[in-house]
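Everything below concerns the one structure shown next.
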Amino acid sequence: MTLVEKILAAHTDRKEVSPGEFVNVTVDLILANDITAPIAIKEFQRIGVSKVFDPKKIVMVADHFVPNKDIASAEQAKLMRDFCRQHETLHFDVGQMGIEHVLLPEQGLVLPGDVVIGADSHTCTYGALGAFATGMGSTDIAAAMATGDIWMKVPPTIKLVYHGSLRKWVGGKDLILYTIGDIGIDGALYSAMEFAGKVVDTLSMDGRFTMANMAIEAGAKAGIFRVDNKTQLYIKSRVERPYNVYEPDNDAEYSQVIEYDVSDIEPQVALPHSPANAKPISQVGDVEIDQAVIGSCTNGRLEDLRIAAQVLKGRAVHPRVRCIIIPGTQQIYLDALTGGIIETFIKAGAVVSTPTCGPCLGGYMGVLAAGECCISTTNRNFVGRMGSPKSEVYLASPAVAAASAVMGRITSPDEISG
Amino acid sequence: MKGKVHKYGADVNTDVIIPARYLSLSEPAELAEHCMEDIDKDFLKTVQPGDIMMATTNFGCGSSREHAPLAIKASGISCVIAKSFARIFFRNAINIGLPLLECEEAVDKTEAGDILEVDLSSGKIKNLTSGIEFTARPYPDFMAELISTGGLIEHTKQRLAGRRS
Ligand code: SF4
């Protein structure tokens, strides 16, 4: 069995599972946010049970439109807050909250071998920890909150093996954009992506979270990494409960094995309006930008901010550009503050926000007008994703976004820092 | 069910089905007022109850927002026919009772504005404009059962009742 099959089998009453089978899977953690929870709560109430199956395994995070941007979003956050209080579930509200997919691993809520379902498509992020994590809808979450399990179809696994060594300024974001550019926006539809090879072993946990985060952008059900020393080190200080580390069998069957030599890969940029429109930065041409966004569940971690600060240090954001930087959690915000990174950003003329999804989905704080162009470290650049349907979003790494903020046009960090 | 076809291309994503700026709404009727507005201004002006939405591959890709199938359903659309669906959208639609059919041939041989007649139980799709008939891929047994019990919430209610008895 593959890594994913092993984890799923361990959460069913069977010894083995294979792709295509429908199984009932017990879940270790259920997630919803301020957009998806209101519908989940309504549906949960229709089931007619008085209690959730286990309040310690349900976590709700207010992050999308929070601190609330208007009355409607305030009502949604309140509905969620009231539900969490009544059922005594885990709840991260303003002051403790961060972007859910950055926050949950940081808080030690996800462990290797876990099955996590979330009413948010980027739940797949936790695959970086060797967990099986997948996004679903609100109704699925409602049912799971009542029963503690959920139906799933066992996905086939595509193995992606990365060989070679990475050039300067090339990291997890570039690898995943390159991969999606290669296999397409439905290249892994209904499948799990297992990331492997020497290059991913060298990636930091932050880089792996970035890659797993965007598995959904290729249509995948999950993205997953094997557990190694870096994973163990990451979770060591965070968790108390026991966990299981699974390994794929030597004769595991993959639906596809794709190998890449990444030694020559340049920083990647995904052009509007698809994450699969990835191009090497040297082929992007002359694109002037109005805004640069550095943050989100893809690239709002400390390493991302450090890289952006490295590029922005002693430089100024171009006068035409609004540069918005959003640390993923309170802890990252604090670490960036004490490490002097926030000071670098402010001196460069960037704005720094409290953790939130904000502009990533065109919610608030950085919404684009018609005709405007933004470079962003987020994960989607669909029509209207960040505001006006006539605006454009280019996706890239924090290094490229920061360099572009300085130059006022999309550029490689090589151009400004040699 | 019988209705006129509204046809789209590949990778119709949830951000265009219902843009995030409306996600502080959760009433289906309110969501429906903005369904598809970023890619098809005419949709809301022309959609009639019972109409059918059609697209090529990977329909519903992107976010997990259940607001997307809810908006489509509340706009009056009776079912969506596509060559393939994105995974989360597929689950959500089945869970809330918006029927989806996968049928490549029907998509290739149907024009926008054609009138289709669909029989969900047999998967038969008849194009009344051209007279051609198609058969959609059948649902796996498990999913057919889920649909026939009335969606996931009903299914869960019955399971829990079974556990108690
Ligand atoms: S940061 Fe963006 S992609 Fe991530 S959870 Fe928030 S809205 Fe979704």
Side-chain angles (χ1 to χ4, degrees), chain A residues 20 22 35-36 38-40 42-44 46-49 64-65 68-76 118-123 134-140 142-143 146-147 151 153 155 184-186 189-190 216-217 219-221 273-274 276 360-363 367 380 382-385 387 389, chain B residues 10-17 19-28 30-31 37-39 41 57-59 61-70 83-97 140-143 145-146 151-157 159-161 163-164:
Chain A
F22 285 90
I35 286 181
T36 56
I39 295 181
K42 234 190 285 172
E43 293 301 302
F44 176 80
R46 274 182 54 208
I47 298 173
V49 288
H64 278 63
F65 295 160
N68 296 129
K69 69 176 179 124
D70 54 19
I71 296 169
S73 61
E75 297 290 350
Q76 286 184 312
D120 191 277
S121 60
H122 292 103
T123 302
T134 188
M136 294 189 174
S138 299
T139 299
D140 284 310
T147 62
W151 69 271
K153 192 168 149 187
I185 191 170
D186 57 356
L189 195 59
Y190 290 93
I216 177 71
E217 260 52 73
K221 183 166 189 158
H273 293 282
S274 166
C360 171
L361 79 166
V367 174
R380 290 194 177 130
F382 300 145
V383 170
R385 173 75 180 178
Chain B
D11 305 324
V12 172
N13 64 72
T14 52
D15 276 283
V16 296
I17 295 172
R21 57 185 179 277
Y22 303 119
L23 294 185
S24 37
L25 306 171
S26 49
E27 280 308 315
E30 293 173 345
L31 292 166
E37 69 177 29
D38 282 359
I39 53 162
K41 289 255 178 304
T57 52
N58 202 25
F59 185 87
C61 63
S63 92
S64 67
R65 61 188 72 156
E66 211 159 290
H67 312 65
L70 285 172
K83 293 189 180 182
S84 64
F85 292 92
R87 187 188 68 80
I88 305 177
F89 182 87
F90 191 90
R91 286 188 81 102
N92 287 347
I94 298 297
N95 286 344
I96 66 150
D141 290 347
F142 172 79
M143 242 176 246
E145 185 198 316
L146 197 64
L152 185 63
I153 296 299
E154 280 308 317
H155 186 82
T156 306
K157 270 190 200 172
R159 263 185 74 204
L160 289 173
R163 271 189 207 175
R164 276 194 293 268

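Computed from a predicted model, the values in this text were never measured in an experiment. Just so it is clear: chains get the letters A, B, ... in the order the sequence lines come, proteins before strands, and each one is counted from 1.
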Kindly give the heavy-atom pair with the smallest separation between B:Leu160 and A:Ala146, and that separation in Å. CD1-CB, 4.2 Å
Minimum heavy-atom separation for B:Glu154 and A:Arg46, please, with both atom names. OE2-NH2, 4.4 Å
Once the angle between the rings of B:Phe142 and A:Trp151 is folded into 0 to 90°, is it parallel (under 30°), tilted (30 to 60°) or perpendicular (over 60°)? tilted
Just to verify, which of B:Asn13, B:Thr14, B:Val12, B:Asp11 counts as forming a side chain to side chain contact (heavy atoms under 4.5 Å, CB included) with A:Phe382? B:Asn13
How far does CD1 of B:Ile153 sit from NZ of A:Lys42, to the nearest 0.5 angstrom? 12.0 Å
More than 12 heavy atoms of other residues, nucleotides or ligands under 6.0 Å from CG of A:Asp70: yes or no? yes
From A:Met136 CE over to B:Leu152 CG, what is the distance, rounded to the nearest 0.5 angstrom? 9.5 Å
Option in B:Gly62, B:Ala68, B:Gly151, B:Ala86 with maximal non-hydrogen atom pairs under 4.5 Å from chain A: B:Gly62
Segment of A:Gln76 engaging chain B (4.5 angstrom heavy-atom cut-off): side chain
Given 3.5 Å as the limit, does a donor-acceptor pair link the side chain of B:Arg91 with the main chain of A:Asp140, or not? no
Atom group of A:Arg380 that falls short of 4.5 Å from chain B, counting heavy atoms: side chain
Between B:Glu66 and A:Thr139 (side chain of the first, backbone of the second, donor and acceptor by atom type, cut-off under 3.5 Å), is there such a pair? yes
Heavy-atom distance under 4.5 Å between the side chains of A:Phe65 and B:Leu23, does that happen here? yes
What part of A:Ala143 gets within 4.5 angstrom of chain B, counting heavy atoms only: side chain, backbone, both, or neither? both
To the nearest 0.5 angstrom, please state how far the CD1 atom of A:Ile35 sits from the OG atom of B:Ser26. 10.5 Å
Report the distance from atom OG1 of A:Thr123 to atom CD1 of B:Ile88, rounding to the nearest 0.5 Å. 7.5 Å
Does the pair A:Val383 and B:Asp15 meet the rule for a side chain to side chain contact (heavy atoms under 4.5 Å, CB included), with working shown? CA-CA 7 Å; A:Val383 170; B:Asp15 276 283; over 6 Å; no
Please name all residues satisfying ring pair (Phe, Tyr, Trp, His ring centres under 6.0 Å) with A:Phe44, sequence neighbours left out, ordered by chain then number. A:Phe83, A:His87
Between B:Ile96 and chain A, which part of the residue has a heavy atom less than 4.5 Å away: side chain, backbone, both or neither? side chain
Examine whether an atom of B:Phe85 lies under 4.5 Å from a heavy atom of chain A, and if so say whether it belongs to the side chain, the backbone or both; otherwise answer neither. both
Pick whichever of A:Thr36, A:Thr147, A:Val367 has the most heavy-atom pairs under 4.5 Å with chain B. A:Thr147
Between A:Ile39 and chain B, with a heavy-atom cut-off of 4.5 Å, which part of the residue counts as in contact: side chain, backbone, both or neither? side chain
Where the side chain of B:Arg87 meets the backbone of A:Ile216, is there a donor-acceptor pair that is under 3.5 Å apart? no
Exercise: identify the closest heavy-atom pair between B:Asn58 and A:Ile185: ND2-O, 3.6 Å
Counting heavy-atom pairs closer than 4.5 Å to chain B, which one of A:Leu361, A:Asp120, A:Asp186 comes out on top? A:Asp186
A:Pro389 to B:Asp38 - nearest heavy-atom pair and separation: CG-OD1, 3.5 Å
In terms of heavy-atom pairs under 4.5 Å with chain B, the winner among A:Ala119, A:Pro38, A:Ala72, A:Ala220 is A:Ala72
Between B:Ser24, B:Pro140, B:Ser63, which shows the greatest number of heavy-atom pairs under 4.5 Å with chain A? B:Ser24
Highest number of heavy-atom pairs under 4.5 Å with chain B: which of A:Ser121, A:Gly20, A:Gly219? A:Ser121
